[in-house]
Asker: 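There's a structure below that I have some questions on.
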Amino acid sequence: MTARPSVLLVCLGNICRSPLAEAALRAEAARAGLDLEIDSAGTGGWHAGDAPDRRAQAVALRHGIDISGYRARQVTTADFTRFTHIVALDADNLADLRRLAPTGATATIGLLLDHVPGREGQGVRDPYYGDADGFDTTWADVSAGARGLVRAIAARP
């Protein structure tokens, strides 16, 4: 029996991009009828326990999703065997994840936008230091990535 697919979405602080990616992936998996375990985390722990950035909450709400109950956490070594997929939002976090992966890690590690044709190798821009419009761009990117990731997971035997 194949393990239930599970996805951990990872950015730096887990208050902007990765909670939006978690919300988009949850919505896309539900639309596709795909049973996934989904979570998000940050490579850094500065925001552990914090709710997502208010601008991230606002853009998610505009798309009908309430992420106010999400709480930031830091990636742990257990995540590398708990999840089947660990998906970074940019190349820097991908490099950090590869460095953090313990011996015996079983998760497939990759980039979210690798699942979007023509966007392979690209990262989702961090909107934190910009204005609210950057969060709309982030939502569009993570939504496209979520659609591609759901297609990829659904296509696996």
Side-chain angles (χ1 to χ4, degrees), residues 1-53 56 60 65 67 69-129 135 137-157:
M1 177 158 177
T2 306
R4 174 183 177 212
S6 52
V7 180
L8 180 66
L9 297 140
V10 180
C11 69
L12 187 60
N14 192 214
I15 59 167
C16 294
R17 293 173 291 174
S18 56
L20 285 175
E22 177 183 350
L25 185 59
R26 286 180 185 280
E28 193 59 35
R31 264 192 293 281
L34 189 61
D35 181 26
L36 293 178
E37 176 186 351
I38 303 167
D39 196 6
S40 62
T43 54
W46 314 278
H47 298 288
D50 293 349
D53 183 284
I65 303 168
I67 63 170
Y70 290 14
R71 292 296 175 262
R73 73 174 186 88
Q74 189 170 12
V75 173
T76 67
T77 55
D79 289 330
F80 290 89
T81 52
R82 175 180 166 206
F83 292 92
T84 58
H85 301 77
I86 298 181
V87 182
L89 279 285
D90 64 34
D92 289 340
N93 285 295
L94 178 63
D96 286 344
L97 287 167
R98 288 185 172 145
R99 183 181 47 76
L100 293 168
T103 302
T106 55
T108 300
I109 301 171
L111 276 175
L112 181 62
L113 292 181
D114 282 353
H115 300 282
V116 179
R119 301 287 308 271
E120 297 87 349
Q122 294 180 20
V124 174
R125 190 179 66 79
D126 188 347
Y128 185 74
Y129 292 106
F135 285 80
T137 301
T138 297
W139 179 260
D141 282 351
V142 299
S143 294
R147 284 188 298 276
L149 183 55
V150 161
R151 279 192 302 273
I153 291 171
R156 293 200 172 130

Asker: CG of Leu8 to CG of Leu97: how many Å apart, nearest 0.5 Å?
Answerer: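 Nearest 0.5 Å value for the CG-CG distance: 8.0 Å.
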Asker: I need the minimum non-hydrogen distance between Tyr70 and Ala23, along with the two atoms involved.
Answerer: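 The pair with the smallest heavy-atom distance is OH-CA, 3.6 Å.
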Asker: Which heavy atom of Pro19 sits nearest a heavy atom of Cys16, and at what distance?
Answerer: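 Heavy-atom minimum between the residues: CD-O, 3.4 Å.
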Asker: So, do Ile65 and Arg26 sit near enough that their side-chain heavy atoms are less than 4.5 Å apart?
Answerer: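 Sidechains of Arg26 and Ile65: no contact.
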Asker: Answer yes or no: is there a side-chain heavy-atom contact under 4.5 Å between Asp90 and Val124?
Answerer: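 Not in contact.
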Asker: Can a donor-acceptor pair be found, under 3.5 Å and without considering hydrogens, that links the side chain of Ser6 to the backbone of Thr84?
Answerer: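 Indeed, once roles are kept as given, a pair shorter than 3.5 Å links the two residues.
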Asker: What closest approach, in Å, do Gly104 and Thr81 show between heavy atoms, and which atom pair accounts for it?
Answerer: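 Shortest heavy-atom separation between Gly104 and Thr81 comes out as O-CG2, 3.6 Å.
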Asker: How many angstroms lie between atom CG of Leu94 and atom CZ of Arg99, to the nearest 0.5 angstrom?
Answerer: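 Going from the CG atom of Leu94 to the CZ atom of Arg99 covers 12.0 Å.
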Asker: Does Asp53 reach the side chain of Phe135, with side-chain heavy atoms less than 4.5 Å apart?
Answerer: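 They are in side-chain contact.
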Asker: Rounded to the nearest 0.5 Å, what separates atom NE2 in His47 from atom CD in Gln74?
Answerer: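 Interatomic distance, His47 NE2 to Gln74 CD, rounded to 0.5 Å: 11.5 Å.
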Asker: Holding to side chain to side chain contact (heavy atoms under 4.5 Å, CB included), I want the full list of residues that pass it with Ala24, two or more places apart in sequence or in another chain.
Answerer: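 Applying side chain to side chain contact (heavy atoms under 4.5 Å, CB included) to Ala24 gives Trp139, Val142, Ser143, Ala146.
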Asker: Without placing hydrogens or testing angles, list every side-chain donor-acceptor pair under 3.5 Å for residues 30-46, not counting sequence neighbours.
Answerer:
{"unit_1": "Arg31", "atom_1": "NE", "unit_2": "Glu28", "atom_2": "OE1", "d": "3.3"}
{"unit_1": "Arg31", "atom_1": "NH2", "unit_2": "Glu28", "atom_2": "OE1", "d": "3.0"}
{"unit_1": "Asp35", "atom_1": "OD1", "unit_2": "Arg4", "atom_2": "NE", "d": "3.2"}
{"unit_1": "Asp35", "atom_1": "OD1", "unit_2": "Arg4", "atom_2": "NH2", "d": "3.1"}
{"unit_1": "Asp35", "atom_1": "OD2", "unit_2": "Arg4", "atom_2": "NE", "d": "3.4"}
{"unit_1": "Glu37", "atom_1": "OE2", "unit_2": "Arg82", "atom_2": "NE", "d": "3.1"}
{"unit_1": "Glu37", "atom_1": "OE2", "unit_2": "Arg82", "atom_2": "NH2", "d": "2.5"}
{"unit_1": "Asp39", "atom_1": "OD2", "unit_2": "Arg73", "atom_2": "NE", "d": "3.0"}
{"unit_1": "Asp39", "atom_1": "OD2", "unit_2": "Arg73", "atom_2": "NH2", "d": "3.3"}
{"unit_1": "Ser40", "atom_1": "OG", "unit_2": "Asn14", "atom_2": "ND2", "d": "3.0"}
{"unit_1": "Ser40", "atom_1": "OG", "unit_2": "Glu22", "atom_2": "OE1", "d": "2.7"}
{"unit_1": "Thr43", "atom_1": "OG1", "unit_2": "Asn93", "atom_2": "OD1", "d": "2.7"}

Asker: To the nearest 0.5 Å, what is the distance between CG (Leu20) and CD1 (Ile15)?
Answerer: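 Taking CG in Leu20 and CD1 in Ile15, the distance rounds to 10.5 Å.
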Asker: Run the side-chain donor-acceptor check on residues 107-116: report pairs under 3.5 Å with partners two or more places apart or on a different chain.
Answerer:
{"unit_1": "Asp114", "atom_1": "OD1", "unit_2": "Gly121", "atom_2": "N", "d": "2.6"}

Asker: Quick check for you: to the nearest 0.5 Å, what is the distance between Ile153 atom CD1 and His85 atom NE2?
Answerer: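 It comes to 4.5 Å.
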Asker: From Asp96 CG over to Arg98 CZ, what is the distance, rounded to the nearest 0.5 angstrom?
Answerer: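 If I round to the nearest 0.5 Å, the distance is 11.5 Å.
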